[in-house]
Novice: 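Have a look at this one.
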Amino acid sequence: MSPPLLKLGAVLSTMAMISNWMSQTLPSLVGLNTTKLSTPDTLTQISPKEGWQVYSSAQDPDGRCICTVVAPEQNLCSRDAKSRQLRQLLEKVQNMSQSIEVLNLRTQRDFQYVLKMETQMKGLKAKFRQIEDDRKTLMTKHFQELKEKMDELLPLIPVLEQYKTDAKLITQFKEEIRNLSAVLTGIQEEIGAYDYEELHQRVLSLETRLRDCMKKLTCGKLMKITGPITVKTSGTRFGAWMTDPLASEKNNRVWYMDSYTNNKIVREYKSIADFVSGAESRTYNLPFKWAGTNHVVYNGSLYFNKYQSNIIIKYSFDTGRVLAQRSLEYAGFHNVYPYTWGGFSDIDLMADEIGLWAVYATNQNAGNIVISQLNQDTLEVMKSWSTGYPKRSAGESFMICGTLYVTNSHLTGAKVYYSYSTKTSTYEYTDIPFHNQYFHISMLDYNARDRALYAWNNGHQVLFNVTLFHIIKTEDDT
C-alpha cells in the first residue's frame with residue numbers, strides 16, 4: 001500500500017480507539033452520583049448537586065499530584081452545557097469514524113482498480129511493440145482483441161479521476177490510453193477495413209494479374225541497376241551463391257560455394273531465410289574441384305569449370321552424379337584469360353531467358369570475349385559469337401535476353417560499359433553505373449526468374465535490382 005493509504009489507515013485506527021474509549025468510559029463518568037475520596041489526610045463527601053468538581057488531596061510516590069473529576073447527577077448533567085458539548089463531540093467523533101471507514105473502503109477499491117489497470121497497461125505496451133515492429137502483417141482478429149481490451153479500460157477513466165492521491169499517474173494513464181487508441185485507429189485506416197481472408201484473396205488476384213502481364217513481356221534491354229540489398233555476410237572475399245531460374249515458385253533453394261579454388265563442397269539451403277539464418281539443409285561433395293566463381297545452377301543441375309582445365313561439368317543435385325562433361329574448345333583457362341580480379345575466372349557459365357551460355361576467350365580471337373550457347377544436356381556448343389572486347393579488361397559479365405553485358409572493373413566506380421547482342425550480332429558502349437558497396441566484386445550473375453543480379457561483394461552476398469525496357473505483346477502479336 002502507498003504512503004497516503006498507510007497514513008489513512010493509522011488515522012482510522014486512532015479514531016476508532018478514541019471512539020471506543022469514549023463510548024465505554026464516558027457513560028460511567030456521567031453516571032457518578034456521589035463519590036467518597038479518601039486520602040491519607042482527609043475523607044470528604046461531595047454533594048451531587050454541586051455540579052462538576054475537581055478535588056485533590058494526595059500525591060503518588062513520585063511526588064505527582066493526583067486530581068479527581070466528579071460529575072453531577074444525570075438529571076443535572078442533562079442540563080449542563082459542558083455535558084451537551086461532550087455529547088456533541090462524541091457524536092462528531094462517531095460520525096467522523098464512520099466517514100473515514102467509508103473513505104478507507106473507497107480508497108482501497110480505487111487502489112485495486114489502479115493495480116488492475118497497471119497490469120493491463122503493461123500487457124498493452126507489449127502488444128503495441130509487436131504492432132510497431134510489423135504492423136502491416138497483423139490480422140484483423142488481433143485488432144478486435146485489442147479493441148476489446150480497450151473497451152475494458154475505458155470505464156476505468158472515471159474511477160481514476162476520483163482517485164486523487166497520485167494525479168500525475170492518473171494523467172499519464174489517461175494519455176497512454178488515448179495514444180494507444182490513436183495508434184490502433186491509424187493502423188486500421190492504413191490497412192483498411194478488410195478482413196484477413198479478403199486481403200489474402202486480393203493479393204492472390206493481384207499476383208495472378210502481374211504474372212499474366214509478365215508473360216506478355218518480351219525480352220528487355222537493361223536500362224538501370226539499383227541496390228544493392230545485402231542478404232548475408234559470410235565466407236571469404238571470393239565465392240558464388242545462386243538459385244535455380246527454372247525452379248518452381250515453391251522451390252527457393254539456395255546454393256553456396258565459397259572460394260574460387262581448392263574446394264569441392266556445395267552447401268544447400270531450403271530458402272533465402274534459411275540461408276540468412278545458416279540453417280543448412282544438405283551438403284554436396286563434388287567429384288572435382290572447381291575453378292573460379294562463375295558457376296550456375298540451371299534446371300536442377302550445377303554447371304562448373306573443372307579446376308586446371310577448360311572442361312565443363314554438369315552435376316545433378318538429385319542423383320549426386322556427373323551427368324555430362326565436355327571440353328570447351330580453344331578456351332583459355334587457369335588465369336590465361338581471367339577477369340580483371342583473376343581468381344581462375346577464365347570461363348564464365350551463365351543462364352538467361354533463352355538458355356545456357358559460356359563466356360570465355362581464345363587465342364584465335366586474340367584474347368577477346370567469345371560467347372557460346374550450350375546444349376544444357378550434352379554441353380555441346382550450339383552457336384558462338386566473337387566480340388572485340390578484351391576478356392582481361394572485363395570486371396564481370398552477365399546475360400539478359402541473349403545480350404551480354406560487360407563491366408569495366410571489379411572495383412569501386414565499376415559500371416556496365418559494353419554490351420553485345422547475339423540476336424543482331426552487334427555491340428554498343430553503354431554507361432550504366434551501379435553501387436559497388438563493398439569495393440570488390442568476384443561474381444555477378446543474372447537470374448531470369450527473380451529479375452535480379454546475384455553478386456559476391458567482398459565476402460557479402462548481395463542482390464541488385466535491374467530495370468529493363470520491355471515491349472508488351474498484344475493479342476495480335478501472339
Novice: If you take all heavy atoms of His440 and Asn457, which pair is closest and at what distance?
Specialist: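 Shortest heavy-atom contact: O-ND2, 3.0 Å.
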Novice: We want to know whether Glu268 and Trp255 form a side-chain donor-acceptor pair, criterion being a heavy-atom distance below 3.5 angstrom.
Specialist: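 Their side chains do contain a donor-acceptor pair, which is all the 3.5 Å distance test asks for.
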Novice: Tell me, please, which residues at least two apart from Ala361 pass side chain to side chain contact (heavy atoms under 4.5 Å, CB included).
Specialist: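 Side chain to side chain contact (heavy atoms under 4.5 Å, CB included) list for Ala361, sorted by chain: Tyr337, Lys391.
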Novice: To check you understand the geometry: which heavy-atom pair defines the closest contact between Pro390 and Gly388, and what is its length?
Specialist: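 Minimum heavy-atom contact is CD-O, 3.6 Å.
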Novice: Minimum heavy-atom separation for Val406 to Ala394, with atom names?
Specialist: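 Closest heavy-atom pair between Val406 and Ala394: CG1-CB, 3.4 Å.
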Novice: What's the spacing between Thr412 OG1 and Tyr438 OH if we round to 0.5 Å?
Specialist: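 Those atoms lie 12.5 Å apart.
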Novice: Just checking, is any N or O donor in the side chain of His460 or Thr230 under 3.5 Å from an acceptor N or O on the other one?
Specialist: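 Note: His460 and Thr230 side chains miss the donor-acceptor criterion.
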Novice: Pairing donors with acceptors under 3.5 angstrom, does anything connect the side chains of Tyr360 and Asn310?
Specialist: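 No.
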Novice: Would you verify whether the NZ or CZ of Lys289 falls within 45 degrees of the ring axis of Phe344 while also being under 6.0 Å from that six-membered ring's centre?
Specialist: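 Relative to the ring axis of Phe344, which defines the angle, Lys289 lies outside at least one limit.
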Novice: Is a side-chain donor-acceptor pair under 3.5 Å present for Ser345 with Asn294?
Specialist: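 No - no donor-acceptor pair under 3.5 Å links their side chains.
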Novice: For the residue pair Ile313 and Lys306, what are the closest heavy atoms and their distance?
Specialist: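 The pair with the smallest heavy-atom distance is CG1-CB, 4.0 Å.
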Novice: Does the ring center of Tyr389 lie less than 6.0 Å from the ring center of Tyr427?
Specialist: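 For Tyr389 and Tyr427, the ring centres are not under 6.0 Å apart.
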Novice: How about OH on Tyr417, more than 12 heavy atoms from neighbouring residues, nucleotides or ligands closer than 6.0 Å, or not?
Specialist: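 No.
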Novice: Looking at Phe275 versus Tyr256, is the centre-to-centre ring distance below 6.0 Å?
Specialist: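 Under 6.0 Å, so yes.
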Novice: Assess the pair Trp456 and Phe238: is the distance between their ring centroids shorter than 6.0 Å?
Specialist: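 Centroid distance Trp456-Phe238: not below 6.0 Å, so no.
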Novice: Centroid separation under 6.0 Å, is that true for the rings of Tyr446 and Phe398?
Specialist: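 Not under 6.0 Å, so no.
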Novice: Any side-chain heavy-atom pair from Ile369 and Ser397 closer than 4.5 angstrom?
Specialist: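 Answer no - side chains too far apart.
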Novice: More than 12 heavy atoms of other residues, nucleotides or ligands under 6.0 Å from CZ of Arg326: is that the case?
Specialist: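 For Arg326, atom CZ is crowded (more than 12 foreign heavy atoms under 6.0 Å).
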Novice: Verify side chain to side chain contact (heavy atoms under 4.5 Å, CB included) between Met350 and Val296, making sure each step is shown before the conclusion.
Specialist: CA-CA 6 Å; Met350 56 190 73; Val296 65; 5.6 Å; no
Novice: Please determine if Lys314 and Asp377 form a salt bridge, counting it only when a charged side-chain N lies under 4.0 Å from a carboxylate O.
Specialist: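 The answer is yes: the pair qualifies as a salt bridge.
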Novice: Which heavy-atom pair separates Gln461 from Ser234 by the least distance, and what is that distance?
Specialist: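 In this case the closest contact between Gln461 and Ser234 is OE1-OG, 2.8 Å.
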Novice: Do we see a donor-acceptor contact under 3.5 Å between the side chains of Asn447 and Thr243?
Specialist: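 A donor-acceptor contact under 3.5 Å links the two side chains.
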Novice: Can you see which heavy atom on Arg392 is nearest to which on Val336, and at what distance?
Specialist: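 In this case the closest contact between Arg392 and Val336 is NH2-O, 2.8 Å.
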Novice: Count the heavy atoms of every other residue, nucleotide or ligand shown that sit under 6.0 Å from NZ of Lys232, and state whether that count exceeds 12.
Specialist: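 Result for NZ/Lys232: enclosed.
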Novice: Would you please say whether a donor-acceptor pair under 3.5 Å links the side chains of Trp341 and Glu396?
Specialist: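 Result is yes, a qualifying pair exists.
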